[in-house]
Amino acid sequence: RSGYGVRDTRPFPRSITLISMRSIRDYKISIDPDSESLGSPCPFNIIAEALTLPNFTQAEIKALYGQHTEATGQVFDDAAVQRAWFWTEGQPWLVNALAKEAVERILSKDYKTPITEALIDQAADNLTRRRDAHIESLLASVLEPCAQRIIEPMLATTIIAPIADPAIGTAVNEDVRAKTCMSHHDDLQYCLDLGLIQLGLNLRPANQIYASVIVRHLGELIRQDLPDALIGQWTDGQNLDLTGLLKAFQKFWATGSDKYIPGLRYREAAPHILLAAFVQRALDGDGLVTYEFASGFGYAVILITYAGKKYVMEVKLNENELSRESGKAEILGHMDRYSVKEGWLVIFDRKSTKSWSKRLAWSTEEVETGQTIHVAGC
């Protein structure tokens with residue numbers, strides 16, 4: 001800083017580049033937390049340009065993996081490349097980590113064995129569970145208040161409100177409104193800069209691995225606390241009894257959720273976190289679980305792949321009398337996407353004053369297309 005001021009009379013670098021996972025603008029708050037920011041894009045007030053390393057395209061992933069093939073002869077088949085894109089959406093560290101996990105850890109550098117879609121899935125699952133330094137850094141960011149204000153509504157599939165404090169009211173002072181909205185904008189920009197989320201029709205996690213890591217981490221203590229007796233109770237090596245699993249979860253939600261919800265960091269997303277933790281405990285790594293959620297969707301999708309079969313489940317909050325019908329239409333769409341004939345719709349009614357005996361409903365419906373929908377009320 002002092003050298004920059006006298007650069008015309010003393011030797012001084014023409015330019016300095018700082019490379020980090022965070023933008024330099026994120027550090028302006030640590031200069032003096034008790035004072036107003038000067039509005040500078042960085043603490044030094046001499047920034048010229050801020051660049052973000054873009055994600056790989058699908059073609060670039062194929063080209064990168066092709067370099068490995070040229071060097072070793074080991075082939076990544078087309079389905080493996082497509083699956084790497086599904087898990088990472090081009091995030092550079094994840095693209096490389098997936099390949100390294102498959103080649104070096106799973107296959108122990110057996111270059112004669114091709115890299116397949118199944119190996120990429122296994123590698124992604126390993127990364128999600130192992131929590132390398134990159135993943136640990138991601139999780140630390142997710143627990144920061146500014147990130148939670150964006151990600152929690154995404155996981156709860158509700159709309160992110162710029163003004164979250166109900167005490168502000170409708171007749172709000174314009175200065176207060178401006179500061180609140182600016183804070184919301186800063187939170188959003190912070191999550192984008194870190195690569196936690198991506199913009200589209202709705203805000204959603206930046207990639208499928210991040211989505212899985214976030215859901216798993218937020219419910220990790222619950223998963224570990226659940227009894228061992230759940231493990232393998234609804235699987236037999238060939239089939240998953242998802243109906244039986246969800247009926248057991250209904251009882252758990254009625255009798256055990258109060259024990260865990262007060263300790264959750266993301267309480268707004270409690271139904272989604274507890275259900276995911278219950279499923280993970282029951283499967284205990286025997287199968288692959290993926291998650292789809294985004295701000296304002298009104299639902300989250302949990303897809304379980306077990307013994308080569310797909311089981312699709314939608315998680316929805318009961319907001320009004322139309323929630324059930326809209327949920328049924330949505331789950332049919334997900335079933336069509338994954339080409340399955342059976343789907344499960346889980347509706348949480350957190351506002352209900354009904355007794356648990358009435359809230360814990362179950363129905364099974366056959367639709368005209370020959371598909372079956374199970375609806376579980378919680």
Side-chain angles (χ1 to χ4, degrees), residues 21 53-139 142 195-196 198 204-217 220 223 235 237-238 240 276 279-280 283-292 301-312 337-339:
M21 66 174 288
L53 178 67
N55 286 350
F56 294 139
T57 64
Q58 196 163 349
E60 288 169 338
I61 295 176
K62 185 174 183 178
L64 176 67
Y65 290 172
Q67 292 174 9
H68 173 78
T69 301
E70 291 177 5
T72 66
Q74 186 173 40
V75 175
F76 283 76
D77 64 33
D78 289 341
V81 174
Q82 293 173 8
R83 199 61 177 171
W85 171 259
F86 163 80
W87 283 109
T88 69
E89 299 201 34
Q91 205 284 342
W93 187 89
L94 293 176
V95 169
N96 283 276
L98 273 185
K100 184 175 182 178
E101 182 71 19
V103 171
E104 296 185 5
R105 287 181 176 264
I106 299 176
L107 294 180
S108 300
K109 296 185 178 180
D110 174 12
Y111 297 136
K112 295 181 180 179
T113 301
I115 304 299
T116 63
E117 178 180 1
L119 282 171
I120 293 295
D121 280 346
Q122 185 179 346
D125 195 44
N126 291 354
L127 290 179
T128 300
R129 295 170 187 277
R130 195 168 63 239
R131 292 169 49 168
D132 292 336
H134 176 91
I135 302 299
E136 286 288 358
S137 180
L138 163 77
L139 295 175
V142 166
L196 293 173
Q198 61 174 296
R204 63 184 181 90
N207 53 68
Q208 182 57 55
I209 287 181
Y210 283 9
S212 296
V213 166
I214 289 170
V215 175
R216 185 177 182 86
H217 176 67
E220 182 66 12
R223 185 189 67 82
T235 56
Q238 295 183 340
L240 166 65
V279 169
Q280 290 162 3
L283 293 176
D284 194 40
D286 190 12
L288 186 67
V289 186
T290 59
Y291 307 91
E292 300 174 23
V301 177
I302 299 177
L303 177 67
I304 304 171
T305 304
Y306 179 79
K309 300 175 184 177
K310 289 180 168 46
Y311 302 81
V312 61
R337 267 199 302 141
Y338 292 110
S339 301

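Heavy atoms only: backbone and side chains are in, while hydrogens, waters and symmetry mates are out.
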message: Under a 3.5 Å distance rule, please check whether T235 uses its side chain to pair with a backbone N or O of G237 as donor and acceptor.
response: no
- prompt: Looking only at atom types and distance, does a side-chain atom of Q208 sit under 3.5 Å from a main-chain N or O of Y291, one as donor and one as acceptor?
  reply: yes
Atom of A276, atom of V215 and distance for their closest heavy-atom approach: CB-CG1, 3.4 Å
message: Return the CD to CZ distance between E89 and F56, rounded to the nearest 0.5 Å.
response: 14.5 Å
query: Can you find a heavy atom in the side chain of T305 that is under 4.5 Å from one in the side chain of T290?
result: no
- prompt: Atom CH2 of W93 and atom CG of N96: how far apart are they, to the nearest 0.5 Å?
  reply: 9.5 Å
- request: Examine distances only and state if a side-chain atom of T128 and a backbone atom of A124 form a donor-acceptor pair shorter than 3.5 Å.
  value: yes
query: What residues, two or more places apart in sequence or in another chain, satisfy ring pair (Phe, Tyr, Trp, His ring centres under 6.0 Å) together with Y65?
result: F76
From CA spacing to verdict: side chain to side chain contact (heavy atoms under 4.5 Å, CB included), Q67, L64: CA-CA 5 Å; Q67 292 174 9; L64 176 67; 4.1 Å; yes
query: Under 4.5 Å between any side-chain heavy atoms of P92 and N55, yes or no?
result: yes
query: So I115 and L107, side chain to side chain contact (heavy atoms under 4.5 Å, CB included) or not? Walk me through it.
result: CA-CA 9 Å; I115 304 299; L107 294 180; 3.6 Å; yes
query: What distance do I135 atom CD1 and I214 atom CD1 have between them, rounded to the nearest 0.5 Å?
result: 9.5 Å
message: Do K100 and V103 make a side-chain contact, defined as non-hydrogen atoms from C-beta onward lying under 4.5 Å apart?
response: no
message: As an exercise, state the distance from OH of Y306 to CG of L283, rounded to the nearest 0.5 Å.
response: 8.0 Å
- prompt: Under 3.5 Å, is there a donor-acceptor pair between the N126 and E101 side chains?
  reply: yes
task: Could you walk me through whether D78 and K62 pass the side chain to side chain contact (heavy atoms under 4.5 Å, CB included) test, one step at a time?
output: CA-CA 8 Å; D78 289 341; K62 185 174 183 178; 3.9 Å; yes
query: Passes side chain to side chain contact (heavy atoms under 4.5 Å, CB included), D121 versus W87? Steps please.
result: CA-CA 8 Å; D121 280 346; W87 283 109; 2.7 Å; yes
task: Report yes if some heavy atom in the side chain of Q74 is under 4.5 Å from a heavy atom in the side chain of K109; otherwise report no.
output: no
- prompt: Is the side chain of D77 donor-acceptor paired with the backbone N or O of A79 at a distance under 3.5 Å, no angle test?
  reply: yes
message: Taking the ring centre of each residue, are Y210 and H217 less than 6.0 Å apart?
response: no
- prompt: To the nearest 0.5 Å, how far apart are CG in L127 and CD in Q122?
  reply: 11.0 Å
message: Would the distance check show the side chain of Y311 and the main-chain N or O of L240 forming a donor-acceptor pair, the cut-off being under 3.5 Å?
response: yes
- line: Residues passing the salt bridge (charged side-chain N to carboxylate O under 4.0 Å, His left out) test with E292, sequence neighbours excluded, are R337
- prompt: What are the two closest non-hydrogen atoms of Q238 and K309, and how far apart are they?
  reply: O-NZ, 3.5 Å
CG on L98 to CD1 on I106, rounded to 0.5 Å: 9.0 Å
